[in-house]
Amino acid sequence: DALTFTEVSQSYFDAAPLRDPTIIYCYGQYWCAYTLNTGQASGGLSPQFGLASSPDGITWTKVGNISSNVAINGRLVAPSWFIDPAVGLIYLIVNIAPNLSNTFTPWLMQPGNSGMTVWTTAVPILGTNFGTDGKSMIDAFMDYKNGTYYLWYKNDTDKYVELASSLSPLHGYTKIKT
């Protein structure tokens with residue numbers, strides 16, 4: 001009701017406090033994707049994020065640690081849900097830094113089933129200088145309006161929020177505002 005707030009138990013999460021939670025309602029449930037405590041996979045083979053589900057938004061069950069399926073020793077942080085109204089698909093934007101570096105770039109993943117236990121391999125979101133200028137891009141969030149995709153992100157190197165646009169959710173982004 002936006003007036004009364006109740007703390008939700010975090011007992012199912014890997015560690016409290018919960019880091020970078022993003023919640024969506026789809027397939028008849030609430031889903032929470034979040035950064036794992038270390039931000040990387042156990043063993044460091046593929047970056048992962050944590051995923052939990054809830055029928056009511058209060059009682060949560062851990063689904064598991066979901067791999068990006070990218071064969072790199074890297075870190076994954078700050079997942080963000082996006083439902084593409086143009087095609088009706090659900091995406092999760094994740095921020096991956098290969099080789100355990102601090103240079104993050106946004107990547108896109110999709111659930112492959114309604115139980116969200118199967119996921120596509122993460123693919124990089126490409127744009128002008130994305131990942132090629134040595135600057136870290138983190139906390140990416142996508143929006144869509146009138147045929148254009150907008151990607152908001154924090155330029156973690158320069159400490160500015162930047163906005164890029166494209167006609168595709170995956171490539172062709174050009175920075176339009178800092």
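Predicted model, so just to flag it, every value in this text is computed and none were measured.
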Output yes when a side-chain donor or acceptor of Thr121 lies under 3.5 Å from a complementary backbone atom of Val70, and no otherwise. no
Could you tell me the separation between the CZ atom of Phe104 and the CZ atom of Arg75, rounded to the nearest 0.5 Å? 3.5 Å
Test log, rule side chain to side chain contact (heavy atoms under 4.5 Å, CB included), inputs Leu89 and Val87: CA-CA 6 Å; Leu89 295 175; Val87 293; 3.8 Å; yes
Interatomic distance, Leu151 atom CG to Met137 atom CE [nearest 0.5 angstrom]: 6.0 Å
Interatomic spacing from OG in Ser166 to NE2 in His171 - rounded to 0.5 Å: 6.5 Å
Any sub-3.5 Å donor-acceptor pair from Trp31's side-chain atoms to Cys26's backbone N or O? yes
Under 3.5 Å donor-acceptor, Trp81 side chain and Thr22 backbone: yes
Main-chain N/O of Pro169 paired to Tyr173 side chain as donor or acceptor, under 3.5 Å: yes
Can you see which heavy atom on Thr157 is nearest to which on Lys135, and at what distance? OG1-CA, 3.3 Å
Side chain to side chain contact (heavy atoms under 4.5 Å, CB included) between Phe141 and Ile93: does it pass, once the steps are laid out? CA-CA 7 Å; Phe141 177 83; Ile93 297 140; over 6 Å; no
Counting distance only, does the side-chain N/O of Asp56 pair as donor-acceptor with the main-chain N or O of Thr59 below 3.5 Å? yes
Tell me whether Val94 shares a hydrophobic cluster with Trp152, the cluster being built from Ile, Leu, Val, Met, Phe, Trp, Tyr side chains joined at under 4.5 Å. no
Between Ala140 and Pro106, the two heavy atoms sitting closest are CB-CB, 3.8 Å
Spacing of Leu92 atom CG and Met142 atom CE [to the nearest 0.5 Å]: 11.0 Å
Side chain Asn95, main chain Ala78, donor-acceptor under 3.5 Å: yes
Here the gap from Thr117 atom OG1 to Leu51 atom CG, rounded to the nearest 0.5 Å, amounts to 9.5 Å
Without swapping roles, check the side chain of Asp20 against the backbone of Tyr34 for a donor-acceptor pair under 3.5 Å. no
Hey, any chance Ile138 and Leu126 share a hydrophobic cluster, counting ILVMFWY side chains that come within less than 4.5 Å of each other, even indirectly? no
Separation between CG of Asn102 and OG of Ser136, rounded to the nearest 0.5 Å: 7.0 Å
Dump the intermediate steps for side chain to side chain contact (heavy atoms under 4.5 Å, CB included) on Leu163 and Tyr150, then the final yes or no. CA-CA 7 Å; Leu163 175 62; Tyr150 294 94; 3.9 Å; yes
If you define the side chain from C-beta out and look only at heavy atoms, does anything of Val77 sit under 4.5 Å from Arg19? yes
Note, Ile176 side chain near Glu162 side chain (heavy atom, < 4.5 Å): no
Is the shortest side-chain heavy-atom distance between Gln29 and Ser53 below 4.5 Å? yes
Could you check whether any side-chain heavy atom of Thr35 comes within less than 4.5 Å of a side-chain heavy atom of Phe49, counting everything from C-beta outward? no
Within the supplied structure, the quantity of interest is the number of heavy atoms (other residues, nucleotides, ligands) at a distance under 6.0 Å from Trp119 CH2; does it exceed 12? yes
Short side-chain to backbone donor-acceptor contact, Ser68 and Pro47, under 3.5 Å: yes
Side chain proximity check, Tyr160 to Lys154, heavy atoms < 4.5 angstrom: no
Do Leu170 and Leu108 come within less than 4.5 Å of each other through their side chains, counting heavy atoms only? yes
Under 3.5 Å, side chain of Ser114 to main-chain N/O of Tyr27, donor-acceptor pair present? no
Closest heavy-atom contact between Met116 and Val63? O-CG1, 4.2 Å
Does Trp107 reach the side chain of Ile125, with side-chain heavy atoms less than 4.5 Å apart? no
With a 4.5 Å cut-off on side-chain heavy atoms, are Asn69 and Thr120 touching? no
Using every non-hydrogen atom in the two residues, find where Ser67 and Gln48 come nearest and quote the distance to one decimal. CA-CG, 3.8 Å
For the residue pair Phe82 and Tyr149, does the interplanar ring angle fall in the parallel (under 30°), tilted (30 to 60°) or perpendicular (over 60°) class? perpendicular
Criterion side chain to side chain contact (heavy atoms under 4.5 Å, CB included) on Thr105 and Ile96, from CA distance to verdict: CA-CA 6 Å; Thr105 56; Ile96 297 177; 5.6 Å; no
Considering all heavy atoms of both residues, which atom of Asp84 and which atom of Ala86 are nearest to each other, and what is their separation? OD1-N, 2.9 Å
